[in-house]
Chemist: 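My questions will all concern the structure given below.
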2 protein chains.
Amino acid sequence: MDTGQGRPGARRKPKITINDIARMAGVSKKTVSRVINDATTVKASTRDKIKALIKEYDFSPDPQARALAFRRSFLVAMIYDNPSPQYIVNMQRGILDALAGSSCQLVIRPCDRNAPDFYDMIGEFIEQQRLFGAVLPPSVSEDDHIAEMLKEADCPYVRIASVELDEPHRMIRTREAHGAAEAARHLARLGHRRIAHIRGPESFRSSHERLRGFQDGLSEFGLHLKDDDIVFGGYTYETGYECARQLLAKPERPTAIFAGNDEMALGVYKAARELGLSVPADISVVGFDDTPIASRIAPYLTTVHSPIRDIGYLAGKLLMDGPKGPKGAMTSITPELVVRESTAAPAF
Amino acid sequence: MDTGQGRPGARRKPKITINDIARMAGVSKKTVSRVINDATTVKASTRDKIKALIKEYDFSPDPQARALAFRRSFLVAMIYDNPSPQYIVNMQRGILDALAGSSCQLVIRPCDRNAPDFYDMIGEFIEQQRLFGAVLPPSVSEDDHIAEMLKEADCPYVRIASVELDEPHRMIRTREAHGAAEAARHLARLGHRRIAHIRGPESFRSSHERLRGFQDGLSEFGLHLKDDDIVFGGYTYETGYECARQLLAKPERPTAIFAGNDEMALGVYKAARELGLSVPADISVVGFDDTPIASRIAPYLTTVHSPIRDIGYLAGKLLMDGPKGPKGAMTSITPELVVRESTAAPAF
DNA sequence: TGCCCCAAGGTAAACGGTTTCCGTCCACTC
DNA sequence: GAGTGGACGGAAACCGTTTACCTTGGGGCA
């Protein structure tokens with residue numbers, strides 16, 4: 001595009017092809033193609049001349065034609081079922097960060113793992129699009145069948161998960177257990193002894209990891225979660241609320257609750273409010289994710305922060321670099337605790 | 001130009017082509033093509049037979065090959081700069097709802113209108129991708145230069161905005177003034193007389209519309225906003241907070257504040273909290289957008305609900321149908337007030 | 001010199017559809 | 001029996017790249 005200020009009479013762009021470049025450079029279009037893709041066997045002087053022409057005429061090869069010849073589109077898909085807008089948007093941005101400068105575009109593919117024709121839909125999508133690659137955040141990432149289909153279709157992919165469930169060059173690990181352990185230590189140091197946990201659903205690996213990490217952190221202080229102080233939530237506001245009602249109705253109620261994510265932590269806030277309990281004076285609350293609400297609500301929520309955008313970036317980078325990318329590439333991310341206002345020493 | 005080389009082309013798959021279908025149907029591939037695309041001049045029985053075969057063998061034409069022949073990709077782009085994750089995600093879903101069943105995919109293109117090379121980037125994107133269409137939510141939708149570039153590239157597009165700024169078949173109107181007027185009436189009926197407004201930035205058309213609608217609503221009750229009761233915010237939590245501090249520090253402070261969006265309304269909550277004012281006893285607050293936070297925070301926020309996903313759906317539909325779509329197609333959406341807990345009669 | 005080999009680059013055929021430009025066949029109608 | 005129009009075929013061109021395969025020229029080496 002020209003940067004000149006807007007003229008009303010815009011010109012029709014004389015679409016320039018690889019042939020034009022070749023003619024002007026005095027070489028065959030094959031050589032131009034070589035320069036564009038893989039300039040290994042082209043003399044430096046020839047390559048420079050062609051590159052100069054490409055730049056001068058602002059030429060870029062037609063993605064559709066390339067895709068046809070390559071038998072592979074220049075599309076990277078993000079396939080996800082995570083419902084959190086914050087998560088989704090940040091992940092998208094991260095992947096796009098990694099795609100910037102490449103000739104790939106990001107197509108999004110939300111889905112519902114419970115839909116009856118789930119695998120058909122995704123399978124068809126994968127088959128048809130001949131994707132350049134796919135990024136799978138949780139919980140789609142935990143679905144081995146999807147990974148299998150992608151492998152089948154010869155489509156590179158990267159899975160983002162809290163546990164190692166594929167080859168290293170296809171994985172970004174989020175060490176969620178670490179963040180959960182930090183939360184546990186924080187509560188233990190504050191002096192809490194009666195601590196409860198609202199965990200996420202069985203079907204999410206992350207909920208296991210968060211629980212595990214939390215237990216590990218507590219055990220460092222000789223503490224442990226009693227079985228009936230672990231209740232199952234569904235990672236939603238409503239379930240968080242209900243679980244909290246249940247926990248706080250006990251005769252000997254806990255002085256601190258670790259919610260499996262921020263949404264449920266907000267549910268705990270609501271339950272506490274209704275019961276006339278003050279956060280953090282009567283009950284300390286810790287969340288997980290650090291969604292924007294966490295720093296908007298009163299009291300500001302102590303939670304575990306995951307750098308979602310960075311994770312997306314790593315995943316995208318890993319995808320673009322392929323198995324033979326730099327060996328030292330980072331492939332894991334460690335969430336950290338952010339202490340705000342919702343935790344305090346228990347009153348005795 | 002990094003194309004992620006080193007990926008060998010896909011290995012051979014028993015991929016079925018249009019020729020196979022044609023052979024099996026006993027027709028020429030041209031007729032199959034007719035069925036796939038247009039089917040106007042194909043006899044019903046032939047068409048049915050071909051369709052059955054297509055379904056049986058699960059054939060779908062290669063998008064890349066079609067794109068090359070059509071000189072147009074099967075990609076619909078959503079180009080946006082709106083920072084609200086909730087808005088983005090819902091809009092994406094809405095557009096995808098409309099794209100379902102078509103052969104189009106959704107590619108996303110966030111951008112920053114303040115970047116120095118903004119128009120270059122977008123222009124290049126539009127030129128290269130030969131998009132099937134584009135959806136422009138605010139505030140990108142308000143940029144005539146972008147619309148011009150799209151028209152130039154012969155790319156259909158739909159703009160979503162609160163005012164009519166393009167031909168009807170390229171517009172989805174969000175009648176935000178209506179929702180704002182409802183908010184005004186609600187406050188007026190409660191008995192508020194001293195009302196303030198934290199408006200959005202000058203550069204957003206929506207901020208004008210919301211102000212205008214609010215004023216219209218007030219005037220029905222013989223009320224009006226004094227000039228210094230209208231302050232400029234930036235649609236962010238922080239600016240909402242600062243504006244509220246300013247308004248609430250006045251000797252004769254307002255009894256109600258209409259914030260231009262929910263983010264700013266949360267800022268008002270914070271300011272009120274700091275000043276020891278209770279919502280809604282001391283100050284009523286109304287937001288706009290109905291983000292999820294609005295129904296998570298205490299007190300639940302009275303706000304104006306926009307069905308973003310529906311809007312996205314309409315935009316996508318309009319795009320797919322084109323100018324010759326059904327005449328009676330709905331092309332406007334009216335946001336409605338949702339009364340919750342943050343508004344009450346003023347204390348005298 | 002003769003031979004081999006490699007770097008550098010060319011040629012033509014894919015890639016998998018759509019389109020153009022006729023034609024043909026056939027059933028109806030007048 | 002001629003005219004008409006709908007349904008469909010055939011061949012080739014085309015879309016703009018990449019790729020399989022081949023040529024060419026020149027240098028190293030025995």
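Keep in mind that the numbers below use all heavy atoms, side chains included, and drop hydrogens, waters and symmetry copies. The chains referred to below are lettered A, B, ... by the order of the sequence lines, with proteins before strands, and numbering in each begins at 1.
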Chemist: Enter the distance from H145(A):NE2 to L150(A):CG here, rounded to the nearest 0.5 Å.
Modeler: 10.5 Å
Chemist: How many Å lie between CZ on F70(A) and P on dG16(C), as a whole number?
Modeler: 15 Å
Chemist: From the set dG10(C), dC21(C), dT18(C), return the single nucleotide nearest to any side-chain atom of K29(B).
Modeler: dT18(C)
Chemist: Out of dT17(D), dG16(D), dT18(C), which nucleotide sits closest to the side chain of A69(B)?
Modeler: dT18(C)
Chemist: Let me know the distance between CG of N19(B) and P of dC15(C), rounded to the nearest Å.
Modeler: 11 Å
Chemist: With a non-hydrogen cut-off below 4.0 angstrom, is I18(B) in contact with a base, only sugar-phosphate, or nothing?
Modeler: sugar-phosphate
Chemist: What integer distance in Å separates Q64(A):CD from dT18(D):C1'?
Modeler: 15 Å
Chemist: Counting only side-chain heavy atoms from C-beta out, which of dT11(C), dG16(C), dT17(D) sits nearest to K30(A)?
Modeler: dT11(C)
Chemist: Counting only side-chain heavy atoms from C-beta out, which of dG17(C), dC8(D), dG9(C) sits nearest to T46(B)?
Modeler: dC8(D)
Chemist: Among the nucleotides dG16(D), dG10(D), dG17(C), which one has an atom lying closest to any side-chain atom of A65(A)?
Modeler: dG16(D)
Chemist: I need the CD1-C1' distance between I54(B) and dG17(C), as an integer number of Å.
Modeler: 13 Å
Chemist: Around atom CE of M24(A), are there more than 12 heavy atoms of other residues, nucleotides or ligands at under 6.0 Å?
Modeler: yes
Chemist: Under the 3.5 Å rule, do the base of dG16(D) and the side chain of R71(B) count as making a donor-acceptor pair?
Modeler: no
Chemist: For F132(B), is the CZ atom crowded, meaning more than 12 foreign heavy atoms sit under 6.0 Å from it?
Modeler: no
Chemist: From the list dC15(C), dG9(C), dG10(D), which nucleotide is the closest neighbour of the side chain of K43(A)?
Modeler: dG9(C)
Chemist: Out of dG9(C), dG9(D), dT18(C), which has the shortest distance to the side chain of S33(B)?
Modeler: dT18(C)
Chemist: Between atom CD1 in I21(B) and atom P in dG16(C), what is the gap in whole Å?
Modeler: 14 Å
Chemist: From the set dT17(D), dT18(C), dG9(D), return the single nucleotide nearest to any side-chain atom of S28(B).
Modeler: dG9(D)
Chemist: Examine dT18(C): is either OP1 or OP2 under 4.0 Å from a nitrogen or oxygen in the side chain of N37(B)? Give yes or no.
Modeler: yes
Chemist: Quick one: which of dC8(D), dG17(C), dT19(D) gets closest to the side chain of F59(B)?
Modeler: dG17(C)
Chemist: How long is the straight-line distance from CD1 of I95(B) back to CE of M78(B), given to the nearest 0.5 Å?
Modeler: 5.0 Å
Chemist: Any donor-acceptor pair under 3.5 Å joining the side chain of R66(A) to the base of dG16(D)?
Modeler: no
Chemist: Measure from CG on L68(A) to P on dC14(D) and round the result to the nearest Å.
Modeler: 17 Å
Chemist: Expressed in angstrom and rounded to an integer, what is the separation of R72(B) atom CZ from dG17(C) atom P?
Modeler: 20 Å
